[in-house]
Amino acid sequence: MIASSPNEIRFAQRRPWLGTSWKMNKTVAEAMEYARLLAVWAQTAPVEASIAILPPFTALARVAEVLQGGVTRIPVQLGAQNMHWEDAGPFTGEISPVMLRDAGANLVEIGHFERRTAFGETDITVNHKLRSALRHNLSVVLCVGEDESTRDFGVVQEFLSIQLKIALHEVPASALSDIVVAYEPGWAIGSQGSSASAEQVSTVHRHLRSTLVGLYGVDHATATRIVYGGSVTCEGVSTYASIPDVDGLFVGRAAWEVSDFVRIIEAFCAARAGYHRTA
Ligand code: PGA
């Protein structure tokens with residue numbers, strides 16, 4: 001690749017990140033078996049990438065035991081899908097960052113579209129959660145994404161700037177290395193075949209990166225990974241892997257079988273390596 005801008009130089013250096021959230025799926029036994037098989041693959045994985053699995057809360061501690069039991073060539077992060085920002089207290093049904101660490105998680109997903117729309121999370125609670133997670137040494141997948149009507153009104157970039165700026169309010173530049181930004185448009189999540197086009201993703205990712213440049217400067221912004229999620233399939237992987245501002249994928253349904261997740265990871269990394277060789 002002929003690198004001319006700081007972002008192009010950093011593109012080659014940003015290690016791909018590929019994660020899967022299982023949402024409200026899998027028993028403890030199913031989650032452990034998935035983790036066991038993934039860890040076996042990761043022992044000799046032929047890729048350079050960061051991998052993350054995000055089981056339901058009930059499986060975290062047992063999956064942590066499975067992952068801690070093996071030595072993997074590439075890191076496999078264990079993430080939760082949500083958390084409260086307080087350490088403890090009268091918050092019936094909630095889980096705290098202290099509990100996540102205790103269960104063995106080192107990552108947490110914050111601000112998923114389903115949490116925002118079905119459970120009333122706001123940009124402000126997302127900011128509370130993000131800062132609390134960082135205080136507890138949890139890495140963060142920060143999800144941003146617009147719904148269909150925001151896109152119809154033509155204000156996607158304004159909307160995403162607000163989501164990103166409020167989420168990162170009072171978050172120092174030094175914390176960015178612990179944050180992966182996931183662009184997950186609500187209209188693409190869980191849909192039958194309407195994942196975002198390469199052009200849509202490329203435009204949004206460039207915008208998110210320039211918002212980060214405005215907040216933190218070029219160096220930090222170009223070191224931060226921005227990944228895409230929303231109806232990603234094995235077949236669609238190479239489309240995204242060749243977009244210069246797409247540093248990985250956050251996958252739901254298509255990665256709920258471990259063999260499919262491995263295929264997605266390998267396909268992304270192969271396409272990315274090919275891009276760097278030929279571009
Ligand atoms: P999906 O979910 O891949 O099943 O659309 C993506 C997500 O919600 O992160």
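Numbering of ligands and ligand atoms starts at 1, following listing order. Atoms considered below: every heavy atom in the structure, side chains included; atoms not considered: hydrogens, waters and symmetry mates. Please read these numbers as outputs of a predicted model, since none were measured by experiment.
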In a table with atom names and distances, give each donor-acceptor pair under 3.5 Å that connects a side chain of residues 35-44 to protein atoms at least two apart or in another chain.
residue	atom	partner	partner atom	Å
R36	NE	E33	OE1	3.0
R36	NH2	E33	OE2	2.9
W41	NE1	E266	OE2	2.8

Item checked: R209 with D247: basic N within carboxylate O range, under 4.0 Å -> yes
Give me the pairs of N or O atoms, one from ligand 1 and one from the protein, that sit under 3.5 Å apart.
residue	atom	partner	partner atom	Å
ligand 1	2 (O)	K23	NZ	3.3
ligand 1	3 (O)	S231	N	3.4
ligand 1	3 (O)	G252	N	2.9
ligand 1	4 (O)	R253	N	3.0
ligand 1	4 (O)	R253	NE	2.6
ligand 1	4 (O)	R253	NH2	3.4
ligand 1	5 (O)	G190	N	2.7
ligand 1	5 (O)	S231	N	2.8
ligand 1	5 (O)	R253	NH2	3.1
ligand 1	8 (O)	K23	NZ	2.6
ligand 1	8 (O)	H112	NE2	2.7
ligand 1	9 (O)	E184	OE1	3.1
ligand 1	9 (O)	E184	OE2	2.7

Result block: side-chain N/O donor-acceptor pairs under 3.5 angstrom for residues 50-71, not counting sequence neighbours:
residue	atom	partner	partner atom	Å
S50	OG	R15	NE	3.4
S50	OG	R225	NH1	3.2

Which atom pairs, one a donor and one an acceptor, fall under 3.5 Å between side chains of residues 102-110 and the rest of the protein, sequence neighbours left out?
residue	atom	partner	partner atom	Å
N106	OD1	L78	N	2.9

Notebook entry, point to check: Charged N to carboxylate O under 4.0 angstrom, D245 versus R14?
Noted result: yes
Next item on the list: Look at atom CZ of F153 and say whether more than 12 heavy atoms of other residues, nucleotides or ligands are closer to it than 6.0 Å.
Entry: no
